[in-house]
Amino acid sequence: MTKKTIRFNSGATDFYFAGGFSQLQTITDRAHTVLITDENVFEAHSNRFKGWKLIVLPAGEEHKTQPTVDTVINLLIEMEADRKTTLVGIGGGVVTDITGYVASIYMRGLRFGFIPTSLLALVDASIGGKNGIDVGVYKNMVGVIRQPHFILHDMGFLKSLPQKEWQNGFAEIVKHACIRDNAMFMQLESASLKQFQSKKTLITALVQRNALLKAKVVQRDETEQGERRLLNFGHTLGHALENQYTLMHGEAVSIGIGIACKLSEKLAGFKQTDRVLATLEKYGLPVHMDFDRENAINILRMDKKAGANTTSLYFVRKK
Ligand code: GLY
């Protein structure tokens with residue numbers, strides 16, 4: 001296991017690369033820790049959780065909502081969690097988002113960390129401090145920016161990862177290569193998904209490279225005033241399509257990247273569209289989709305229809 005600390009303006013994150021779940025007890029005090037996972041991770045790895053206080057959430061993006069947050073908060077109250085409690089999210093992006101968000105608001109903020117179990121969470125969702133929930137079709141509409149105290153990598157979790165989830169993670173890896181790492185882009189062009197899946201050293205190095213790439217972009221621009229916006233490549237339209245068409249995040253981002261490349265080609269003479277699309281497709285990702293443009297644009301703009309001079313008056317009634 002190697003430890004690397006990245007300091008952000010709002011706090012530091014200790015990255016424990018190539019570690020193992022069993023090391024969690026050296027990072028956090030079991031008596032004052034609550035683990036949060038989802039039913040898929042729990043079913044595949046239930047033996048790892050013995051002896052820990054644990055909350056198991058239903059799996060799926062449709063549960064990344066306020067009712068799930070309320071349920072977790074009520075369970076924490078029942079468990080008598082207090083300011084000394086650490087929350088650890090063990091799962092994909094939905095689990096890390098909910099854990100980070102609840103930890104940021106429960107008793108005005110608890111210590112929290114993550115053990116990302118999906119490729120997408122290892123290279124992207126666990127890193128950067130944005131933790132929040134969806135509101136209807138609007139992804140990540142409510143949330144915070146607060147950095148996890150630690151992120152522990154246990155590559156053993158990838159053994160139970162379905163093929164679709166591997167492909168999902170590669171959308172963010174290709175995105176990172178496009179925005180900041182030409183050498184990695186060329187590696188992705190020449191290697192294959194199968195090679196990464198079968199060689200532990202190869203995937204471990206790729207995950208670490210991507211995690212540090214993202215962490216360093218966030219370190220330079222935590223509140224997304226400039227450089228961090230690069231990480232949104234493919235995400236603006238991707239997010240507008242994701243919940244509307246129940247796509248996986250990676251699929252939505254990949255389609256978003258495809259459209260962004262074609263637009264850039266038309267508007268700014270971008271010449272690498274074919275290479276980017278071919279690489280995404282090589283990792284099993286879609287790059288085209290027929291979608292309702294008007295609907296997508298409305299979601300994209302958050303459908304702000306009220307004019308500047310209109311009075312809007314809403315009474316919130318008791319149910
Ligand atoms: N938690 C994901 C991010 O901050 O980008």
Side-chain angles (χ1 to χ4, degrees), residues 6-15 36-38 57 61 63-65 68-69 72 87-105 109-135 138-153 165 168-181 207-236 238-239 242-243 248-250 252-254 256-257:
I6 303 278
R7 287 176 210 292
F8 303 93
N9 282 339
S10 68
T13 301
D14 292 330
F15 284 82
I36 301 179
T37 191
D38 72 20
L57 304 176
E61 181 79 26
H63 300 291
K64 206 177 94 174
T65 54
T68 309
V69 169
V72 174
L87 298 189
V88 184
I90 302 164
V94 173
V95 168
T96 56
D97 257 302
I98 288 181
T99 304
Y101 182 51
V102 171
S104 303
I105 57 174
L110 305 182
R111 179 176 181 264
F112 68 101
F114 299 138
I115 304 182
T117 61
S118 70
L119 183 58
L120 193 131
L122 281 160
V123 299
D124 181 36
S126 64
I127 307 155
K130 287 185 187 171
N131 298 297
I133 53 171
D134 303 341
V135 179
Y138 303 114
K139 265 192 72 78
N140 303 329
M141 182 53 64
V142 173
V144 291
I145 299 184
R146 194 158 170 268
Q147 301 300 336
H149 288 76
F150 63 87
I151 300 178
L152 170 61
H153 285 190
E165 280 291 345
N168 202 31
F170 268 90
E172 297 292 356
I173 292 172
V174 174
K175 178 199 78 180
H176 285 158
C178 288
I179 63 169
R180 272 283 174 266
D181 193 336
V207 162
Q208 194 167 326
R209 183 174 183 143
N210 276 274
L212 289 176
L213 183 153
K214 172 157 183 189
K216 285 180 181 159
V217 171
V218 174
Q219 188 180 41
R220 290 190 288 266
D221 178 23
E222 194 174 4
T223 55
E224 204 173 293
Q225 306 302 309
E227 183 179 348
R228 187 171 182 167
R229 290 189 195 154
L230 283 175
L231 295 168
N232 297 340
F233 181 35
H235 281 62
T236 313
H239 277 169
E242 186 173 337
N243 284 6
M248 291 180 88
H249 181 67
V253 166
S254 183
I257 290 177

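As the structure lists them, so they are numbered: ligands from 1, and atoms in each ligand from 1.
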**Fill in**
Nearest non-hydrogen protein atom to atom 5 (O) of ligand 1, with distance, is Lys214 NZ, 2.6 Å
**Prompt:** To the nearest 0.1 Å, how far is atom 3 (C) of ligand 1 from its closest protein heavy atom, and which atom is that?
**Reply:** Ile127 O, 3.0 Å
**Request:** Report yes if the side chains of Val95 and Ile90 come closer than 4.5 Å at any heavy-atom pair, otherwise no.
**Result:** no
**Message:** Could you report the tightest heavy-atom contact between Val217 and Arg228, atom names first, then the distance?
**Reply:** CG1-CA, 3.8 Å
**Request:** Would you please say whether a donor-acceptor pair under 3.5 Å links the side chains of Glu172 and His235?
**Result:** yes
**Prompt:** Considering only heavy atoms, does Arg228 approach ligand 1 within less than 4.0 Å through its side chain, its backbone, both, or neither?
**Reply:** side chain
**Prompt:** If you measure from each non-hydrogen atom of Thr96 to ligand 1, which part falls under 4.0 Å: side chain, backbone, both or neither?
**Reply:** neither
**Prompt:** Among Lys130, Glu222, His235, which residue places a heavy atom closest to atom 1 (N) of ligand 1?
**Reply:** Lys130
**Message:** Angle between ring planes, Phe15 versus His153, binned at 30° and 60°: parallel, tilted or perpendicular?
**Reply:** perpendicular
**Asked** Hey, is ligand 1 close enough to Ser126 that some N/O pair sits below 3.5 Å?
**Response** no
**Request:** Flag the pair Glu224 and Lys130 as a salt bridge only when some basic side-chain nitrogen lies within less than 4.0 angstrom of an acidic carboxylate oxygen.
**Result:** yes
**Prompt:** Given Ile36, which of Thr96, Leu57, Val102 fulfils the side chain to side chain contact (heavy atoms under 4.5 Å, CB included) condition?
**Reply:** Leu57
**Prompt:** Going by the order shown, which atoms of ligand 1 are within less than 4.0 Å of some heavy atom of Gly129?
**Reply:** 4 (O)
